[in-house]
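Only this structure's heavy atoms are used, side chains among them; waters, hydrogens and symmetry mates stay out. This structure is a prediction, so every number in the text was calculated from the model and none was measured.
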Amino acid sequence: MADVRVQAEGITGLTIRWASGSVNVSCAEGTEDPAPGIELVETAPRPLAESQRMRWRVVGGTLEVDFGSWPACFLLGRKDLEVRIPRAHASAFDRVSIEGSSGSYQVRDIGCGSMKLKLASGEIGVDRVAARELQVDVASGRVSAVGRFDESVRVHTASGEAWVLCDGACPKAIDADIASGSVRVGIPASSGFAARVTKASGTFESGFPLERVGGAYRHGDGSAHVSARLASGTF
């Protein structure tokens, strides 16, 4: 086990790159520490050599956490990471980025300007978050995100599945680029949008009644802009 505490003051960004295992990012409950820190707790099935431990650094206000040297960890197979953020700092990030090669990733109770989720395989689950901009990139596996995304939601899938539930407000822009797989976006019932969809193959479905206006589908006042490009799959 490795346990690190990084001073939270001045940290405006969080980037996590992990190869195998699980990652859990959440708020730490109240602390009496006058200068609370961000805790990084790494665990593994057996003791880690120095070469097998995670790497971390702070660059330009961004805390970067990396799985470490994959060759050194190859026989280890997997290891897990917990990131505990003081509640007073959990909504102070300009950007949060999670990049996973495989495994399971959970992010809860975080606020930021932009959130990027990138997954090669495995699963990412995001809940009770707030970000002006959400970007999702799925090669394979499944990403689900529940939160408030006021400005934009952008999703790209090579294969796999992405599910985004926009809580409280419809983003001003929703954009999907689907090679294969499926993308589902849930928005409030009161939303109005105009959707432009181009597809070589695949399916576009809507739970809202739509009217055709020019080359777009329209619901309500048409204020939100939705665009999708499908080679195959479902939007």
Side-chain angles (χ1 to χ4, degrees), residues 15 94-102 104-107 110-235:
T15 296
D94 292 332
R95 58 208 169 274
V96 172
S97 175
I98 308 293
E99 299 182 23
S101 294
S102 68
S104 175
Y105 304 80
Q106 298 290 326
V107 181
I110 300 298
C112 59
S114 65
M115 177 172 287
K116 180 179 180 181
L117 308 173
K118 186 174 183 180
L119 183 66
S121 70
E123 183 172 1
I124 295 179
V126 172
D127 193 17
R128 302 191 302 269
V129 302
R132 292 192 305 273
E133 302 172 351
L134 174 67
Q135 182 178 342
V136 178
D137 191 342
V138 188
S140 180
R142 184 175 191 271
V143 172
S144 64
V146 180
R148 186 174 181 116
F149 313 108
D150 288 341
E151 292 296 326
S152 64
V153 169
R154 305 189 185 281
V155 183
H156 173 264
T157 62
S159 177
E161 181 179 353
W163 182 74
V164 180
L165 177 61
C166 303
D167 188 19
C170 179
K172 295 177 182 177
I174 298 171
D175 184 83
D177 194 346
I178 304 168
S180 181
S182 66
V183 173
R184 300 178 65 193
V185 181
I187 56 178
S190 59
S191 304
F193 61 89
R196 292 187 177 273
V197 179
T198 58
K199 56 191 178 76
S201 180
T203 304
F204 168 57
E205 301 173 353
S206 172
F208 293 86
L210 302 174
E211 61 176 329
R212 197 68 186 261
V213 179
Y217 300 95
R218 183 185 176 96
H219 175 76
D221 63 6
S223 56
H225 299 281
V226 179
S227 61
R229 295 160 301 284
L230 291 82
S232 179
T234 303
F235 176 58

>> Ignoring hydrogens, what is the shortest heavy-atom contact between A179 and A231? Give both atom names and the distance.
In response: O-CB, 3.7 Å
> Can we say E99 and K118 salt-bridge, meaning some charged N sits less than 4.0 Å from an Asp/Glu carboxylate O?
Replying inline: no
> So, do F208 and F193 have ring centers that fall under 6.0 Å from each other?
Replying inline: yes
> Atom CD in E133, atom CZ in R95: separation rounded to 0.5 Å?
Replying inline: 12.5 Å
> Do F235 and T157 come within less than 4.5 Å of each other through their side chains, counting heavy atoms only?
Replying inline: no
> Do S144 and R142 come close enough that some side-chain heavy atom pair is under 4.5 Å?
Replying inline: yes
>> Set out, in order, the CA-CA distance, both residues' side-chain angles and the distance that settles side-chain contact (heavy atoms from CB on, under 4.5 Å) for Y105 and L119, then state yes or no.
In response: CA-CA 10 Å; Y105 304 80; L119 183 66; 4.2 Å; yes
> So which of R229, H225, H156 actually passes side chain to side chain donor-acceptor pair (under 3.5 Å) with D175?
Replying inline: R229
>> Just so I know, are the side chains of Y217 and R212 near enough to count as touching, which here means a heavy-atom distance under 4.5 Å?
In response: yes
>> Do D150 and R148 have side chains that approach each other closer than 4.5 Å (heavy atoms only, starting at C-beta)?
In response: yes
> Given side chains that start at C-beta, do those of F204 and L230 come closer than 4.5 Å, heavy atoms only?
Replying inline: no
>> Within a 6.0 Å radius of atom CZ on R128, are there more than 12 heavy atoms belonging to other residues, nucleotides or ligands?
In response: yes
> Taking L117 as the fixed residue, which of V164, V155, L134 is the one that meets the side-chain contact (heavy atoms from CB on, under 4.5 Å) rule?
Replying inline: L134
>> In the structure I gave you, are the side-chain heavy atoms of V183 and V138 within less than 4.5 Å of one another anywhere?
In response: no
>> Please give me the minimum heavy-atom distance between L165 and W163, naming the atom from each residue.
In response: CB-CH2, 3.9 Å
>> To check you understand the geometry: which heavy-atom pair defines the closest contact between A131 and M115, and what is its length?
In response: CB-CB, 4.1 Å
> Shortest non-hydrogen contact from C166 to P188?
Replying inline: O-CD, 3.6 Å
> Quick one: does H219's side chain get under 4.5 Å of P209's, heavy atoms only?
Replying inline: yes
> Taking all non-hydrogen atoms of both residues, which atom of A162 and which atom of V136 are closest, and how far apart?
Replying inline: CB-CG1, 4.4 Å
>> Is the shortest side-chain heavy-atom distance between I187 and P171 below 4.5 Å?
In response: yes
> Between I98 and V107, which heavy-atom pair has the shortest distance, and what is it?
Replying inline: CG1-CG2, 4.1 Å
> Could R154 and D177 be called an ion pair, given the rule that one side-chain N must be under 4.0 Å from one carboxylate O?
Replying inline: no
> Hey, what do you get for CD1 (I110) to CG (D127), rounding to the nearest 0.5 Å?
Replying inline: 11.5 Å
